[in-house]
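Worksheet: one structure, shown below.
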Amino acid sequence: MRSLLFVPGDSERKLEKGFASQADVVIVDLEDSVAPQNKAAARAVASSFIAEHRAATKAAIYVRVNDLTSGLIDDDLAALVGAQPDGIMLPKSNSGQDVQHLSAKLRVHEARFGLPDGAIRILPIITETAAGVLAASTYAGTGSRLSGLTWGAEDLSAAIGARQARDGNGHYTDVFRLARALTLLAASSAEVAAVDTVFPNFSDMAAFEAECVEAERDGFTAKMAIHPAQVPVINKAFTPSREAVERSAAIVAAFAAAGDPGVVGIDGKMYDRPHLRLAERLLARAKAAGVAV
């Protein structure tokens, strides 16, 4: 997955646009984009829409439920698991234990609806509370449902009392840079996808594109979007270029031809095992994005 597009769960019009986009994942949102008085209606709209339209989209379908302390998540799962989403996005996840807690809930609902055990994946947002940031290392070994890790700045800003998450030049301040870095490291430790957070100012496409390029450079393999217009920019930034694919393929081939040694030379440059691992990861991303390898 490269692009993950949020769509409010209580708007059929926006759901139609989201499902028609080129996003790799459509996140049907029952949390922040739905007013408290519309939660029940959103569950009904979202469940019906997913069930009726999932065959019309190539995107994976995730549902962002309300968090484990909200008192709403059980109703969310009861209404949506039957629509057979591919995954659940868990907001305000405070540790790997929260993923295991949600997994236990999903197991009950999967059995209720006759779905295979473990069919629904989990993508937690791990930095929306101070406790969550400090527990970023706890997601490794939480089970096969874990599909990736992502982070968020807005809820963390509210939790710690920060008036802004970015400085006057548009760069994240120290606390938020730390949250971003810990997410990337935690995803690597857990061997799952690292998903970068949203860029709220969707009208500033130049700054958005720059942030996508920087995220891919740093090791993120996907980014979330809040508007369909952001999706093509994300897909381009997170799809390996033909040049990168050819270079990585050459590295892998050189190691194979040399009998899988510790180091090889290509065109006067030396490449060691970390270069091989990086090349293999890039080729896997390219294959997933439909680029010929």
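Heads up: numbering here begins at 1 and tracks the sequence. We use all heavy atoms of the structure for the numbers below, so side chains are in, but hydrogens, waters and symmetry mates are not.
No donor-acceptor pair closer than 3.5 Å links the side chain of Asn94 to the backbone N or O of Ala131. Distance alone, capped at 3.5 Å, places no donor-acceptor pair between the Tyr62 side chain and the Val26 backbone. A donor-acceptor pair under 3.5 Å is formed between the side chain of Thr138 and the backbone N or O of Ala135. With Ser47 contributing its side chain and Arg43 its backbone, the two residues share no donor-acceptor pair below 3.5 Å. Ser189 places no side-chain N or O within donor-acceptor distance of the main-chain N or O of Leu185, the cut-off being under 3.5 Å. Between the side chain of Thr127 and the backbone N or O of Gly152, at least one donor-acceptor pair lies under 3.5 Å.
Heavy-atom contacts from other residues, nucleotides or ligands closer than 6.0 Å to CD of Gln22 number 12 or fewer. The environment of CD in Glu191 is sparse: at most 12 heavy-atom neighbours from other residues, nucleotides or ligands sit within 6.0 Å. Within a 6.0 Å sphere centred on CZ of Arg107, heavy atoms belonging to other residues, nucleotides or ligands number 12 at most. Environment of CD in Glu280: crowded, with over 12 heavy atoms of neighbouring residues, nucleotides or ligands closer than 6.0 Å. Within a 6.0 Å sphere centred on CZ of Arg242, other residues, nucleotides and ligands contribute more than 12 heavy atoms.
Within the 4.5 Å cutoff, the side chain of Leu123 has heavy atoms near those of the Leu4 side chain. By the 4.5 Å heavy-atom criterion applied to side chains, Glu110 and Ile120 are counted as neighbours. Side chains of Trp151 and Leu184 form no contact here, defined as non-hydrogen atoms less than 4.5 Å apart. Within the 4.5 Å cutoff, side-chain heavy atoms of Ile125 are placed close to those of Thr150. For the pair Leu30 and Leu80, the minimum side-chain heavy-atom distance is below 4.5 Å. In this structure the side chain of Lys92 reaches within 4.5 angstrom of the side chain of Glu31, judged on heavy atoms. Between Asp75 and Lys39, the closest side-chain pair of non-hydrogen atoms is not below 4.5 Å. With contacts defined as side-chain heavy-atom distances shorter than 4.5 Å, the pair Met224/Val195 qualifies.
Cluster membership for Ile126 and Val65, using ILVMFWY side-chain heavy atoms within less than 4.5 angstrom, is shared. In the hydrophobic cluster analysis, where Ile, Leu, Val, Met, Phe, Trp and Tyr join through side-chain heavy atoms closer than 4.5 angstrom, Leu90 is grouped apart from Leu156. Residues Ile160 and Tyr172 share a hydrophobic cluster, clusters being chains of Ile/Leu/Val/Met/Phe/Trp/Tyr side chains in contact below 4.5 Å. If you chain together hydrophobic residues whose side chains sit under 4.5 Å apart, Leu102 and Leu72 never meet in one group.
With Val63 as reference, Ile50 is the one residue of Val81, Ile50, Asp76 to meet the side chain to side chain contact (heavy atoms under 4.5 Å, CB included) rule. Checking Asn66, Val45, Asp10 one by one against Val34, the side chain to side chain contact (heavy atoms under 4.5 Å, CB included) holds for a single residue, Asp10.
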Point to revise | Verdict with reasoning, Arg277 to Asp272, per salt bridge (Lys or Arg N to Asp or Glu O under 4.0 Å) | key: CA-CA 9 Å; Arg277 290 195 296 272; Asp272 56 16; over 6 Å; no
Point to revise | Stepwise side chain to side chain donor-acceptor pair (under 3.5 Å) check, Thr197 with Arg180 | key: CA-CA 8 Å; Thr197 193; Arg180 178 181 183 271; over 6 Å; no
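No hydrogens or angles considered: nothing links the side chains of Asp98 and His101 as a donor-acceptor pair under 3.5 Å.
Remark: Pro240 pairs with Val245, Leu282, Arg285, Ala286 by the side-chain contact (heavy atoms from CB on, under 4.5 Å) rule, at least two apart or across chains. Qualifying ring pair (Phe, Tyr, Trp, His ring centres under 6.0 Å) partners for Phe199, counting only residues two or more places apart in sequence or in other chains: Phe208.
Under a 4.0 Å N-O distance rule, the pair Asp86/Arg121 does not qualify as a salt bridge.
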